[in-house]
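Here the structure comes first, spelled out in C-alpha cells, and everything after it is commentary.
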Amino acid sequence: MRDGSYTYKLFHRSDFSAFWALFTDNLINLMVLAGICQFVFQMPADIVYGRIVPGAAIAILAGIAVYVGLAKRAAAQHGRDVTAMPYGISTPVMFVYLFGVIGPIYWSTNDPVLAWQVGIGAGFMGGIVAAMGAIIGPWLKRVTPRAGMLGTLCGIALVFIGTVPLATVFENPFIGFASMIIILWGLVGRFRLPFNIPAGLLALIVGTIVAFAIGEVKISTDGVGFYPPMPYIGDLIAGIQHLFANPELFLVLVPVQIYNFIETMNNVESAEAAGDHYPVATCQITDGVGTMVGAVFGSPFPTTAYIGHPAYKRMGAHAGYIIGVGVVIPVAAFLGLLAFLNNLIPVAAAAPVLVFVALSLITNTAHSVKTDHMAAVTFAMMPHVSSFLMVKWGSLIGALGAVGVAGLPQLGDEALTAALLQQGAHFEGHLALSQGAILTGLIWGAIVASVIDGNFKNAGGFAFAAAIMSAFGIIHGASLHWPELSGVSAGYLISAAFLYIYPLFHKEDKLVNENVVVEEAPTTPAE
C-alpha cells in the first residue's frame, strides 16, 4: 500500500559511487569520439570541441532531465525508492556512426566538414527511427532473433572497437599495458581497486602518469575556452540533403538504430526485473528525441538508456548519480575541458577501455542468448571481418601511394583481383560481404538462429528479404539500383525456397538427422 507521507529523495550517499561509474563511462565515450573525429577524420578542433562535444552534452542533459522526472513519478506511484535509468552516448552505436557514416564520407571526399554535416544529419534521422521504436519495436523484436541483432554488433565490437585499440596498446606498450592490466583486474576480473576507484578512471590516471614519466605527453591548454551550445540548422539541412542524395547511408543508420531502440526495450525490462517500472514507449521516445536534440546542436551521436540499471540499483543509487552526470558533463563540454583531457591523456591509455567494451559486448551477448545460438552470433560477426579487410586493403593502397609508389592499381582492378586470388585473398567475396555488413550480419544471424530453432518460415522470410535487398543493392552492392537478379540474390531465393518448401514434405519428427555427429561440451566432474 502506498504511504501518503512518502517523499522520494533525489540524492543518496550511494549516488556518489554510482556517479563515478556512469561519469567515467560517458567521459571515455566523449574523449574517444573527440579523438577519432579530430585525429582520424581530421576535423578542426573548433568543430570537435566547439560543436560536437557541446551538442552531445546538451543531448545527455535533455535525456537525463526526462529520466529524473520518470524516476520521481515511479517513486510516487509505488511509494518507495527507485533508481533512475542510466543514460548517455550509446557506445556500440557511436562506433557505427563513426566508421559507418562519418568515416566513409571523409575517406571518399577528404572533407571533414561535410563528414560532420552528414553525421548530424544521420543523427537526426536516426533519432526519428529510434523514436519510432515505440510503434514498431515490439514486432521487430518478435520476429528478429536476438542472436542476429546482437551478433552483428559483436562483429563491429570485435574488429573496430576491440582489435584496432588493442593494436594501439601494442604500438605503445609502456602506457598501454599499464592501463590494460588495471582494466583486466577491475572490469574483466571485477576485483577491488584501492579506495574503490572505478577501474576506467584509474586506468586513465595511471596511463597518463606513465606517459608523463617517459615524456610522451605534456600539459596543454589548447582548446580550453567557452563553447556555448548553438543550433546548426543550416549544416543539419545540408547533411540531410546529402543523406537523401546518397540513400545507401540509411542502410547503416536504420538497422543500428533499430538495435538501439530494441536494446532500450531490453534495458527497461532489466530495470523492471530489478523492481523499477518505467514506460517502455516513453523511454524509446526520450532516446530518439534526445538524439535529435543533440544533432540540432552539432552532435551526430545517438543517446540511449544504458545497460546496467540493476548494478546501479544494487549500489543503492537514487537519481542523484545521473543528475551529477547531467551537471558535470555539460560544464566540462562548455568550458573545453574535454580538449584539455584529450591533450593530456594518451590514446594508448584509453584504448584498453575500448578493448573492454568489445569484450563486454561479446560476453554479454554470449550470456543473453541460448548456447545453441552462439553459432548464429558467430555467423553474424563474419561479414564485419570482411568489412575490416576492405578498409585496411584500401588503407594499404593509399599508404603506398603516399610514399610515392607509382602506377598503383585501384582496388577492384581486374588484374589485381586475380593476383589477390592467387595469393589466397578472396577480394570479390570479401567485397560482397562488406557491402551492407551490418544488415548482412543481422540477416544471417537471424537465419541461422531460426534454423536452429526449427522456425523455418521465419528463416525463409529473412532469406527472401535478403534476396529483395540484394536485388536493389541494399546489401552486396556498391549503391542502390533498379532490381536485377544477381548470383547472390538468386542464391538467397533458392535458400528461401528450400526453407519454405522442403519442411512441407516431412513430418517434424522426421526432419531431425540422428546420424549427425555432434561434439558435446565436456561436463565438469562432480567434486
Side-chain angles (χ1 to χ4, degrees), residues 129 133 135-155 248 250-252 254-259 261-262 265 365 368-384 386 429 432-477 480-516 518:
V129 176
I135 302 171
I136 64 174
W139 174 79
L140 278 171
K141 187 177 181 182
R142 188 171 63 252
V143 301
T144 307
R146 177 175 284 192
M149 190 70 69
L150 295 181
T152 195
L153 285 172
C154 285
E248 59 270 14
F250 282 101
L251 309 179
V252 175
V254 170
V256 78
Q257 283 291 11
I258 289 172
Y259 158 80
F261 66 63
I262 289 178
M265 293 174 65
T365 296
S368 64
V369 302
K370 296 190 301 185
T371 302
D372 288 348
H373 280 188
M374 281 307 297
V377 171
T378 304
F379 207 126
M381 294 166 68
M382 292 179 182
H384 297 281
S386 295
L433 278 168
S434 71
Q435 293 165 332
I438 293 174
L439 271 175
T440 301
L442 187 153
I443 288 166
W444 277 103
I447 290 172
V448 174
S450 298
V451 168
I452 290 170
D453 290 341
N455 191 351
F456 304 117
K457 287 185 178 180
N458 201 61
F462 275 99
F464 182 74
I468 300 299
M469 286 189 279
S470 61
F472 281 92
I474 295 174
I475 55 177
H476 313 308
L480 297 176
H481 51 69
W482 290 109
E484 59 183 43
L485 187 64
S486 65
V488 173
S489 55
Y492 279 122
L493 285 175
I494 293 169
S495 300
F498 177 87
L499 289 165
Y500 274 118
I501 297 171
Y502 185 74
L504 298 177
F505 294 95
H506 296 79
K507 293 181 180 179
E508 188 173 343
D509 59 343
K510 297 295 184 182
L511 281 171
V512 178
N513 185 355
E514 303 292 347
N515 296 320
V516 173
V518 178

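The residues of the chain are indexed from 1 along the displayed sequence. Since this is a predicted model, take the numbers as computed values, not measurements.
One finds the CD1 atom of Ile494 at 12.0 Å from the CZ atom of Phe498 (value rounded to the nearest 0.5 Å). Within the model, atoms CD1 of Ile452 and CD1 of Ile447 stand 12.0 Å from one another, a figure rounded to the nearest 0.5 Å. Rounding to the nearest 0.5 angstrom, the gap separating the CE atom in Met149 from the SG atom in Cys154 is 12.5 Å.
In plain terms, the two heavy atoms of His476 and Ser470 that are nearest each other are CD2-CB, 4.1 Å. In terms of heavy atoms, Ala463 sits closest to Leu499 at CB-CD1, 4.4 Å. Contact record, Gly477 with Gln435: N-OE1, 3.1 Å, taken as the closest heavy-atom pair. Taking every heavy atom of both residues into account, Ile475 and Ala466 meet most closely at CD1-O, 3.8 Å. Phe462 and Ile443 make their closest contact through O-CG2, 3.8 Å (heavy atoms, listed as atom of the first residue, atom of the second, distance).
Arg146 has its side chain out of reach of Thr365: every pair of non-hydrogen atoms, C-beta onward, lies at least 4.5 Å apart. Between Pro145 and Asp453 there is no side-chain heavy-atom pair separated by less than 4.5 Å.
In Phe464, the CZ atom is not crowded: 12 or fewer heavy atoms of neighbouring residues, nucleotides or ligands sit closer than 6.0 Å.
Judged by distance alone, with hydrogens and angles left aside, the side-chain atoms of Ser489 form no donor-acceptor pair with the main-chain N or O of Leu485 at under 3.5 Å.
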Which donor-acceptor pairs under 3.5 Å do the side chains of residues 374-384 make with protein atoms, sequence neighbours left out?
residue	atom	partner	partner atom	Å
Thr378	OG1	Met374	O	2.8
His384	NE2	Thr152	O	2.9
His384	NE2	Thr152	OG1	2.8

